[in-house]
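Working notes for the structure below.
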Protein chains: 2
Amino acid sequence: MKPVPYPTIQRFPLYLEVIKQLQLAGIKTISATDIAQNLGFTNIQVRKDIGYTGIIGKPKIGYNIKELEKVITSFLGWQNTNDAILVGVGALGSALLGYKGFEDYGLNIISGFDVNKKIVGKKIHGKKILHIDDFESQVKLLKVSIGILTVNQSSAQQITDLMVKAGIKGIWNFSSENLKVPDDIVVQRENLSASLALLSVKLSHKFKTKQ
Amino acid sequence: MKPVPYPTIQRFPLYLEVIKQLQLAGIKTISATDIAQNLGFTNIQVRKDIGYTGIIGKPKIGYNIKELEKVITSFLGWQNTNDAILVGVGALGSALLGYKGFEDYGLNIISGFDVNKKIVGKKIHGKKILHIDDFESQVKLLKVSIGILTVNQSSAQQITDLMVKAGIKGIWNFSSENLKVPDDIVVQRENLSASLALLSVKLSHKFKTKQ
DNA sequence: CTTTAATCGATAAATATATATCGTTATAAA
DNA sequence: TTTATAACGATATATATTTATCGATTAAAG
Ligand SMILES: NC(=O)c1ccc[n+]([C@@H]2O[C@H](COP(=O)([O-])OP(=O)(O)OC[C@H]3O[C@@H](n4cnc5c(N)ncnc54)[C@H](O)[C@@H]3O)[C@@H](O)[C@H]2O)c1
Ligand SMILES: NC(=O)c1ccc[n+]([C@@H]2O[C@H](COP(=O)([O-])OP(=O)(O)OC[C@H]3O[C@@H](n4cnc5c(N)ncnc54)[C@H](O)[C@@H]3O)[C@@H](O)[C@H]2O)c1
């Protein structure tokens, strides 16, 4: 099997969003053209992406929308709930802890960890905040494999090491630290600066060429 | 001039991060190899990226670190402060309002806007929260061109329309709505789901192949 | 029943991006 | 001073991704 391109994987959640929306409108079938028009992509690209899931569409009709939702969700591994823990319950960490939207992505944040005595022991959005000293035992006990990292940059590597030691396999890194991890650990950087860089450059380019 | 690839633009902030770190350590020159090793890239890629800035390096030495920082920052348009406003001062919006790190990216969030009477009129992290009814006049008055969108998905398109009407040229969209905008408006989606999709797939792939 | 048009899926071509090669240059060691 | 080497920058190759082409299929219109 040929590997699925990363850009394709990143577009899948966008397709799910369109699917969700059209399903609310009562629509039963959906074509690559429908999705493409909604998102501003080419239908060829969307059709090729969908092809990776193995679903069979009907000419003139498209795909069964329920089935398409299922195969994409399944491809992403979002059909089952994946447990995660979050470290660093500050401004950003609290927002993530309380975000309901993660349910759609099969992500369930069990609890948060911090050092700050003012919040340890409390609940935020119904999630218990525990002390970082209990992190390793809790993760091992609950067999959590995903860690969300929202501590200050200065603590990021240290907490990463702790996560690895506790058995975390995937780290979603919201800090700007370049984390060092063993080969078998996956780090996904949530890179606000990269996104802002694109916005900045596109904007300045527009201003230069337009006027 | 050939356009600079988007992937290159997205890597530039990572290079700045390494530069910042090495500068703290007192280092005066930096090679493409240094940066590459820090980030796990190839030195060829880093050298090519840097080439787009036009900076001249010295064989055996690399680049003057101060100069390299300057040309990358300048390329991104981050040498001057760009004013922005934020709409939707909820959990995520508050976190972004208070985030000091944006200073490094030349981004200055002037104020926040919301409809919630409980927060309108207050200050969050020193930033005034105004009512959305005053949005258009304020934006026109202050000539802000960047808008940060952190409202509920259901209000996202409506606020986008308002931003466009008020003269906003670039929208940083944190909602999962597929925004419709005129051609001359730049929308940058901050796509948590795309990032999570990659993490999910990489993880499941690791588990499948490793064990 | 035949024709038309939309869309699929497979294959091919084009474009974009990453990696490799190579001659040159500047430093530091011999 | 000569030699060895790290790194630059330009060019070439390889890989990845997107876009185009085309025959086949199906539903709907004529
Ligand atoms: N706030 C934002 O909008 C934003 C945007 C982009 C990136 N980030 C990054 O996200 C991270 C968090 O940002 P924030 O604004 O929420 O900061 P914050 O200071 O509000 O939160 C950091 C939290 O981490 C906790 N912490 C620190 N060291 C710890 C440790 N060793 N163990 C456990 N907990 C620890 C602190 O007690 C605090 O609660 C930072 O790395 C920041 O650069 C934040
Ligand atoms: N919280 C997260 O971690 C997170 C993660 C990813 C994406 N998002 C997205 O970011 C957005 C905000 O998320 P949140 O968790 O901060 O939600 P939230 O409910 O805490 O905040 C939304 C804010 O927008 C305000 N608002 C709503 N309609 C408005 C309008 N018409 N004009 C002005 N203000 C308005 C609300 O009063 C509220 O303060 C959502 O679209 C969400 O999907 C959030």
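The sequence lines fix the lettering, A, B, ..., with proteins before strands; numbering per chain opens at 1.
C/dG9 atom C1' lies 17 Å from atom NZ of A/K60, rounded to whole Å. At whole-Å resolution of the value, OH in A/Y63 and P in C/dT7 are 11 Å apart. One atom, NZ of A/K48, and another, C1' of C/dT15, lie 13 Å apart when rounded to the nearest Å. Separating the CD atom of B/Q45 from the P atom of C/dA20 is a distance of 11 Å, rounded to the nearest angstrom. Look at CD1 on A/I50: it is 12 Å from P on C/dT7, rounded to the nearest Å. Atom C1' of nucleotide C/dC8 and atom CG of A/D49 are separated by 15 Å, given to the nearest angstrom. With rounding to whole Å, A/I55 atom CD1 is found 16 Å from C/dT7 atom P. Rounded to a whole Å, the CD atom of A/Q37 is 11 Å from the P atom of C/dA6.
Boundaries of the chain A contact region on DNA chain D are D/dT17 to D/dA27, first to last in 5' to 3' order (nucleotide atom under 4.0 Å from a heavy atom).
In the model, B/N64 has no side-chain atom that pairs as donor or acceptor with a side-chain atom of B/T29 under 3.5 Å. Side-chain atoms of A/T73 and A/Q79 include no donor-acceptor pair closer than 3.5 Å. A/K202 and B/Q188 share a donor-acceptor pair across their side chains, judged by distance under 3.5 Å alone. With 3.5 Å as the limit, one finds a donor-acceptor pair spanning the side chains of B/Q153 and A/E17. Between A/D34 and A/S31, the side chains place a donor N or O and an acceptor N or O closer than 3.5 Å (distance only, hydrogens not considered).
The stretch residues 94-103 of chain B participates, sequence neighbours left out, in no side-chain hydrogen bond (donor to acceptor under 3.5 Å, both in side chains) pair at all.
Within 6.0 Å of NZ on A/K165 lie no more than 12 heavy atoms contributed by other residues, nucleotides or ligands.
Within 4.0 Å of A/G57, counting heavy atoms only, lie sugar-phosphate atoms of the nucleic acid but no base atom.
Scanning residues 27-36 of chain A for heavy-atom distances under 4.0 Å to DNA chain D yields an empty list.
Along DNA chain D, the nucleotide nearest A/T42 and the nucleotide nearest A/P59 are compared for position; the residue whose nucleotide lies closer to the 5' end is A/T42. Across the interface with DNA chain D, nearest-nucleotide mapping of A/R11 and A/R47 shows A/R11 to be the residue nearer the 5′ end.
Look at A/E67 and A/K70 and you find no salt bridge, because none of the NZ, NE, NH1 or NH2 atoms lies under 4.0 Å from a carboxylate O.
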- Task: Walk me through it: do B/K20 and B/D104 pass the test salt bridge (Lys or Arg N to Asp or Glu O under 4.0 Å)?
- Result: CA-CA 10 Å; B/K20 205 169 64 179; B/D104 291 338; 3.2 Å; yes
